[in-house]
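In what follows, a single structure is set out as structure tokens and then discussed.
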Amino acid sequence: MVVLDLPTTEDDTTGLAAPPAALALAAASACPVVAVPDPLIPVAAPAYRTSQLTLGIDARHPAERAVGFAFAAAQVRGVRLHAVHAWKLPSCATPLPFGIPEEDRATWEDHEMQLLADALRPWQKKYPRVAVLEDVVLLSPFDALVHHAERATLLVVGRGSGGDPGLVQALLREARCPVAIVP
């Protein structure tokens with residue numbers, strides 16, 4: 001594992017100021033890279049920060065090493081694992097004049113919940129002492145993870161999270177907690 005001490009921005013409008021070398025290391029490293037905000041520059045942390053680790057997971061294509069890293073870290077720390085799966089409406093969901101019927105949205109959300117449960121099940125058997133909160137949110141991966149990172153002590157993502165190479169870079173800029181990028 002590589003741990004990077006990253007400076008926070010001085011204007012305090014964003015989180016970590018990831019230099020290009022740090023981004024390159026996170027993109028190419030064969031081992032997990034953890035970017036930690038510089039503790040010398042005060043960053044406003046919410047008073048409601050919890051003792052939980054947040055895992056960004058694509059339930060359709062879970063990054064197994066990231067999931068394993070998150071479960072192991074949660075077990076060692078003795079904290080709850082908050083697994084966040086962001087989803088979007090299927091392409092067949094054409095907007096209707098009065099919106100999408102609630103029963104259709106609920107059916108799709110139930111399907112996403114099942115995908116997440118299926119992706120986490122083998123890890124919950126391997127780490128039975130880790131309490132897991134499964135969460136599916138109808139947001140972009142970036143918005144969902146930045147929102148949930150506000151309350152986390154660590155955010156864990158796979159390097160190819162969500163199939164968006166810019167997601168990790170954006171999370172490093174905006175997250176207010178340490179971010180672990182797992183290949």
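Since the model is a prediction, treat every value here as computed from it, not as a measurement.
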- Query: For the residue pair L138 and L89, what are the closest heavy atoms and their distance?
  - Reply: CD1-N, 3.8 Å
- Report yes or no: does T153 contribute a side-chain atom to a donor-acceptor pair with the main-chain N or O of Q52 at less than 3.5 Å? yes
- Task: Kindly indicate whether the side chain of W123, heavy atoms from C-beta on, has any atom under 4.5 Å from the side chain of L81.
- Result: no
- Query: Taking a hydrophobic cluster as the set of Ile, Leu, Val, Met, Phe, Trp and Tyr residues connected by side-chain heavy atoms closer than 4.5 Å, whether directly or through intermediates, do V137 and L115 fall within one such cluster?
  - Reply: no
- Message: The test is side-chain contact (heavy atoms from CB on, under 4.5 Å); show your working for L154 and R77 and say whether it passes.
- Response: CA-CA 11 Å; L154 176 67; R77 292 169 179 227; 3.8 Å; yes
- Do the ring planes of H148 and H82 sit parallel (below 30°), tilted (30 to 60°) or perpendicular (above 60°)? perpendicular
- Task: Show your reasoning for whether side-chain contact (heavy atoms from CB on, under 4.5 Å) applies to L145 and V157.
- Result: CA-CA 9 Å; L145 295 176; V157 295; 3.9 Å; yes
- Going through the checks in order, is the side-chain contact (heavy atoms from CB on, under 4.5 Å) test met by L55 and V84? CA-CA 6 Å; L55 166 66; V84 178; over 6 Å; no
- Item | E103 atom CD: more than 12 heavy-atom contacts under 6.0 Å | no
- Where A119 and A59 come nearest, the two heavy atoms and their spacing: CB-O, 4.1 Å
- Does a side-chain heavy-atom distance below 4.5 Å link E112 with R60? yes
- List the steps and the verdict of side-chain contact (heavy atoms from CB on, under 4.5 Å) for V79 and V130. CA-CA 7 Å; V79 298; V130 175; over 6 Å; no
- Task: State, to 0.1 Å, how close G68 and Y127 come at their nearest heavy-atom pair, and which atoms those are.
- Result: O-OH, 4.1 Å
- Message: What I'd like to find out is whether the side chain of V179 reaches to under 4.5 Å of the side chain of V34, using heavy atoms alone.
- Response: no
- Message: For residues L133 and M113: do they belong to one hydrophobic cluster (side chain heavy atoms under 4.5 Å, members Ile, Leu, Val, Met, Phe, Trp, Tyr)?
- Response: no
- Task: Please report the closest heavy-atom contact between L116 and A83, naming both atoms and the distance.
- Result: CD2-O, 4.0 Å
- Query: Of the non-hydrogen atoms in W87 and R105, which two are nearest, and what is the gap between them?
  - Reply: CH2-O, 4.1 Å
- Query: Between atom SG of C31 and atom CZ of R65, what is the distance when rounded to the nearest 0.5 Å?
  - Reply: 8.0 Å
- Test R121 against E134 for salt bridge (charged side-chain N to carboxylate O under 4.0 Å, His left out), laying out the working first. CA-CA 11 Å; R121 188 171 298 112; E134 299 174 6; over 6 Å; no
- Query: Shortest non-hydrogen contact from I181 to R159?
  - Reply: CG2-CA, 3.9 Å
- Task: State plainly whether one hydrophobic cluster holds both V36 and M1, where clusters connect Ile, Leu, Val, Met, Phe, Trp and Tyr through side-chain heavy atoms under 4.5 angstrom apart.
- Result: yes
- Between CD1 of I57 and CG of D135, what distance do you get to the nearest 0.5 Å? 12.0 Å
- Answer yes or no: is there a side-chain heavy-atom contact under 4.5 Å between E64 and P62? yes
- Query: What is the distance from atom CD of E150 to atom CG of L155, rounded to the nearest 0.5 Å?
  - Reply: 11.5 Å
- Task: Answer whether the closest heavy-atom distance between the side chains of S51 and R80 falls below 4.5 Å.
- Result: no
- Query: Would you say the side-chain atoms of D110 and Q114 include a donor-acceptor pair closer than 3.5 Å?
  - Reply: no
- Task: Spell out, as yes or no, whether a donor-acceptor pair under 3.5 Å connects the side chain of H85 to the backbone of V136.
- Result: no
- Item | Donor on one side chain, acceptor on other, D104 and T107, under 3.5 Å | no
